[in-house]
Amino acid sequence: MDARQIGTYLARARVGLGLGAMLVPGPTVVIAFGRGANHPGARAIARLMGVRDGVLGAGGSIATGQHAGGGDWLSMMAVCDGFDALVLLATPGLPKRARLIGILAAKSAVLHLYLARQIAAEDLATGRIR
C-alpha cells in the first residue's frame, strides 16, 4: 500500500470519527475525559472538533483520491493533531486518558506529516506540482 492509499484511508477514518463526535458527542467526551466531563459545554466542543475533523477528512480524502493537493490536506491534519497533542499533554489537571489521547494525537501528527511529505515528493517527481 502506498502513501496516497494510506492517506486516503486515514482521511476517511477521520470523517467517520468526526461524524461520530458531531452526532453523539456524549460518548466522545466520556471516552476522552471521563464521566465527570460530560456536560453541555464539553459536548459542544466535541461537536466543534467533530466538524473540524469531518471537514479535514473529507477534503483530504477527495484531494488524495484526485491527486490534487492531498499532501497539503494531510499537512493540515498534522498541524491540528499536533496542537491537539500539545493542549492535551500540557494542560494541568486532565485525566490520564486525555494524556493517552494526546500521545495518540502526537503519533497521528507525525504519521500525517510523513505521508504528506511522501505524497508531495511523488507529486513533484511526476510533475503534478512545480
Side-chain angles (χ1 to χ4, degrees):
M1 195 177 315
D2 69 350
R4 191 172 304 277
Q5 285 178 306
I6 295 169
T8 301
Y9 292 140
L10 287 173
R12 289 176 182 168
R14 196 173 198 113
V15 171
L17 291 172
L19 285 173
M22 283 187 287
L23 298 174
V24 286
T28 303
V29 172
V30 170
I31 289 168
F33 301 105
R35 293 207 180 274
N38 193 11
H39 55 78
R43 289 191 300 274
I45 290 171
R47 281 194 171 106
L48 293 171
M49 290 180 67
V51 170
R52 178 195 76 177
D53 284 338
V55 169
L56 282 172
S61 178
I62 292 167
T64 55
Q66 294 180 349
H67 299 268
D72 295 337
W73 281 91
L74 290 172
S75 294
M76 288 184 275
M77 291 179 207
V79 169
C80 289
D81 289 347
F83 275 101
D84 288 349
L86 182 65
V87 168
L88 290 171
L89 294 172
T91 302
L94 293 180
K96 287 183 183 178
R97 61 179 64 193
R99 306 286 184 212
L100 292 173
I101 292 171
I103 292 168
L104 290 174
K107 289 181 178 186
S108 178
V110 170
L111 176 61
H112 280 86
L113 189 57
Y114 171 79
L115 292 171
R117 290 178 54 103
Q118 294 295 108
I119 292 170
E122 178 186 310
D123 287 349
L124 187 60
T126 59
R128 287 191 196 108
I129 60 172
R130 299 170 212 270

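Note that the structure is a prediction, hence the values are computed from the model and not measured.
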Measuring from [X]:[atom1] to [Y]:[atom2], what's the distance to the nearest 0.5 Å?
| X | Y | atom1 | atom2 | value |
| --- | --- | --- | --- | --- |
| Ile119 | Leu74 | CD1 | CG | 4.5 Å |
| Met77 | Leu115 | CE | CG | 10.0 Å |
| Asp123 | Asp72 | CG | CG | 9.0 Å |
| Ile101 | Leu89 | CD1 | CG | 10.5 Å |

Nearest heavy-atom neighbours spanning [X] and [Y]:
| X | Y | answer |
| --- | --- | --- |
| Gly82 | Ala109 | N-CB, 3.6 Å |
| Arg4 | Thr64 | CD-O, 3.2 Å |
| Val87 | Thr91 | O-OG1, 2.6 Å |
| Asp2 | Glu122 | OD2-OE1, 4.3 Å |
| Ala106 | Ala85 | N-CB, 3.5 Å |
| Asp84 | Arg52 | OD2-NH2, 2.6 Å |

Inset, instruction - Walk me through it: do Leu94 and Arg99 pass the test side chain to side chain contact (heavy atoms under 4.5 Å, CB included)? - result: CA-CA 7 Å; Leu94 293 180; Arg99 306 286 184 212; 4.0 Å; yes

Legend entry - Verify same cluster id: Ile6, Tyr9 (apolar side-chain graph, 4.5 Å): yes

Inset, instruction - Establish whether Val79 and Leu86 are linked, either directly or via other cluster members, by ILVMFWY side-chain heavy-atom contacts under 4.5 Å. - result: yes

Inset, instruction - Mind jotting down which residue pairs meet the side-chain hydrogen bond (donor to acceptor under 3.5 Å, both in side chains) criterion with at least one end in residues 109-121? Sequence neighbours excluded, please. - result: Ser108-His112

So do [Y] and [X] actually touch side chain to side chain, heavy atoms under 4.5 Å?
| X | Y | answer |
| --- | --- | --- |
| Val29 | Arg47 | no |
| Arg12 | Thr8 | yes |
| Leu56 | Trp73 | yes |

N/O donor-acceptor pairs under 3.5 Å from side chains in residues 13-27, not counting sequence neighbours:
unit_1 : atom_1 : unit_2 : atom_2 : d
Arg14  : NE     : Asp53  : OD1    : 3.2
Arg14  : NH1    : Asp81  : OD2    : 3.2
Arg14  : NH2    : Asp53  : OD1    : 3.2
Arg14  : NH2    : Asp81  : OD1    : 2.6

